[in-house]
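The structure appears below as structure tokens.
Just so you know, ligand 1 is whichever comes first in the structure, and atom 1 is the first atom listed for that ligand. This one's a predicted model, so the numbers in the text were calculated from it and none came from an experiment.
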Amino acid sequence: MKMEEIRQRAREKLQGFCRVCRRCDGRACAGEVPGMGGILSGRAFQNNVSALDMYYVNLRTIHQVEKPDTSIKLFGRSFQTPVFVAPLTGASYNMGGALSEAELASCLVKGAQLAGSCAFTGDGAEADIYAAGLAALKKHGGGAAIIKPRSMEKIKEFIRLAEENGAYAVGIDIDGAGLVTMALKGQPVGPKSYYQLRELIGMTSLPFILKGIMTVQEAEMAVEMGVAAVVVSNHGGRVLDCTPGVAEVLPEIVERVKGEITVIADGGIRSGIDVLKMLALGADAVLIGRPAIWGAFGGGSMGVRKIIETMTEQLCHGMLMTGCVNLKAVDHHVIY
Ligand SMILES: Cc1cc2nc3c(=O)[nH]c(=O)nc-3n(C[C@H](O)[C@H](O)[C@H](O)COP(=O)(O)O)c2cc1C
């Protein structure tokens, strides 16, 4: 399966909801939420891409590394790549409906599995969305279930369901606190207090992920609460206009919490070199969003697999050319 074929088929199947631009930077789709874009001016999405563009990586080729090792341990499991699939939902209202929610979830979870990775599943404004993710996790062998910041009772119910369906980890996209689509469909969300989050973390033995952290202060709170991992993320620029790009805030967050919790980053990652940059800026692993959707719509689970494997090959080449034998060796020296 060729990358250009996947992109072309995705362009057709996404029916204008995503144009699958040559350079996916949030300009053409500014304001398209619901849809695949960034909220209002689209600046938060665009800032994710331009923040990565600000950094360069430099050559280091006097060494003996022959085959860099991209493997990683996460949530007590081994994976072949640090490229994981982000929670991506709303097959109808965000992506045009050529795939059902269940088909989308299945492609994402299975494709990730085939590539030696795993997927994070999501939660959304329609009742079947969370269940579709869990069914895919159960069928294809696990991943992480990310729940919207709903009422405490609902979150607790969803955490139990994640446990019963074989999730490796569970968490909340805390930055989904203001999603109008949820309220419109009678599924209200809102911010959660420190104590509410602590209660939720305390009720499960699964590793707990807090997705949507963009400040040092909230990352410190996450450590104190006992989370296993934060995802430094602005939700792909979809929840608040004009936030900084993730690669801008990542270094200061990492400086404070590295070693205490796992730091995952997402937003604007389009190639293995973007992955290399995020890791060099201190992330332990990354999530990819929109490119995984192209994989699913353009080539099913094999398309998702191809997207992850291509980025992993590019990462591996980047590591070879910057003198990194394994992911631990990818540090700030890589950045110019
Ligand atoms: C169409 C679409 C649907 C999304 N759905 C969810 C979701 O259900 N839960 C969630 O935590 N994040 C969701 N996200 C955000 C992604 O998980 C991720 O943070 C973001 O897409 C990363 O940026 P990128 O797309 O530029 O790689 C969604 C993003 C998009 C584009």
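- Ligand 1 does not have N48 within reach: every non-hydrogen atom of the residue lies 4.0 Å or more from it.
- Shortest contact from atom 15 (C) of ligand 1 to any protein heavy atom: H235 CD2, 3.6 Å.
- One finds no salt bridge joining E153 and K156 here, because no Lys/Arg side-chain nitrogen approaches an Asp/Glu carboxylate oxygen to under 4.0 Å.
- For N47 (side chain) and P244 (main-chain N/O), no donor-acceptor pair under 3.5 Å exists by modelled atom type.
- Among protein heavy atoms, the minimum distance from atom 8 (O) of ligand 1 is reached at T89 OG1, 2.6 Å.
- Near S233, meaning under 4.0 Å from any of its heavy atoms, are these atoms of ligand 1: 19 (O).
- Y93 is linked by a ring-ring contact (aromatic ring centres under 6.0 Å, His included) to nothing, counting only residues two or more places apart in sequence or in another chain.
- Taking CE from M321 and CG from N58, the interatomic distance works out to 10.5 Å, rounded to the nearest 0.5 Å.
- Looking at atom 16 (C) of ligand 1, its nearest protein heavy atom turns out to be P87 O, 3.4 Å.
- Counting atoms of ligand 1 from 1 in the listed order, those under 4.0 Å from a heavy atom of D123 are 8 (O).
- To the nearest 0.5 Å, atoms CZ (R305) and CD1 (I307) are separated by 13.5 Å.
- For the ligand labelled ligand 1, residue G267 lies inside the 4.0 Å heavy-atom shell.
- Per-residue contacts place D173 under 4.0 angstrom from the following atoms of ligand 1 (heavy atoms of the residue considered): 9 (N), 10 (C), 11 (O).
- The atoms of ligand 1 that sit less than 4.0 Å from any heavy atom of A86 are 16 (C), 17 (O), 18 (C).
- In this model, no donor atom of one side chain and acceptor atom of the other lie less than 3.5 Å apart for Q80 and S117.
- Each of the atoms 4 (C), 5 (N), 28 (C), 29 (C), 30 (C) of ligand 1 lies under 4.0 Å from some heavy atom of L88.
- Within the 3.5 Å criterion, the main-chain N or O of D123 finds a donor-acceptor partner in the side chain of K148.
- Protein heavy atom nearest atom 24 (P) of ligand 1, with residue, atom name and distance: R290 NH1, 3.4 Å.
- Checking side-chain atoms of S100 against main-chain N and O of E103 turns up a donor-acceptor pair under 3.5 Å.
- Near D266, the atoms of ligand 1 lying under 4.0 angstrom from a non-hydrogen atom of the residue are 18 (C), 19 (O), 22 (C).
- In the candidate list G171, A91, G289, G133, G289 is nearest to atom 21 (O) of ligand 1, counting heavy atoms.
- Counting only N and O atoms by type, the side chains of E4 and Q8 include no donor and acceptor under 3.5 Å apart.
- Nearest-heavy-atom check against atom 9 (N) of ligand 1 across R270, M36, K148, R238 picks out K148.
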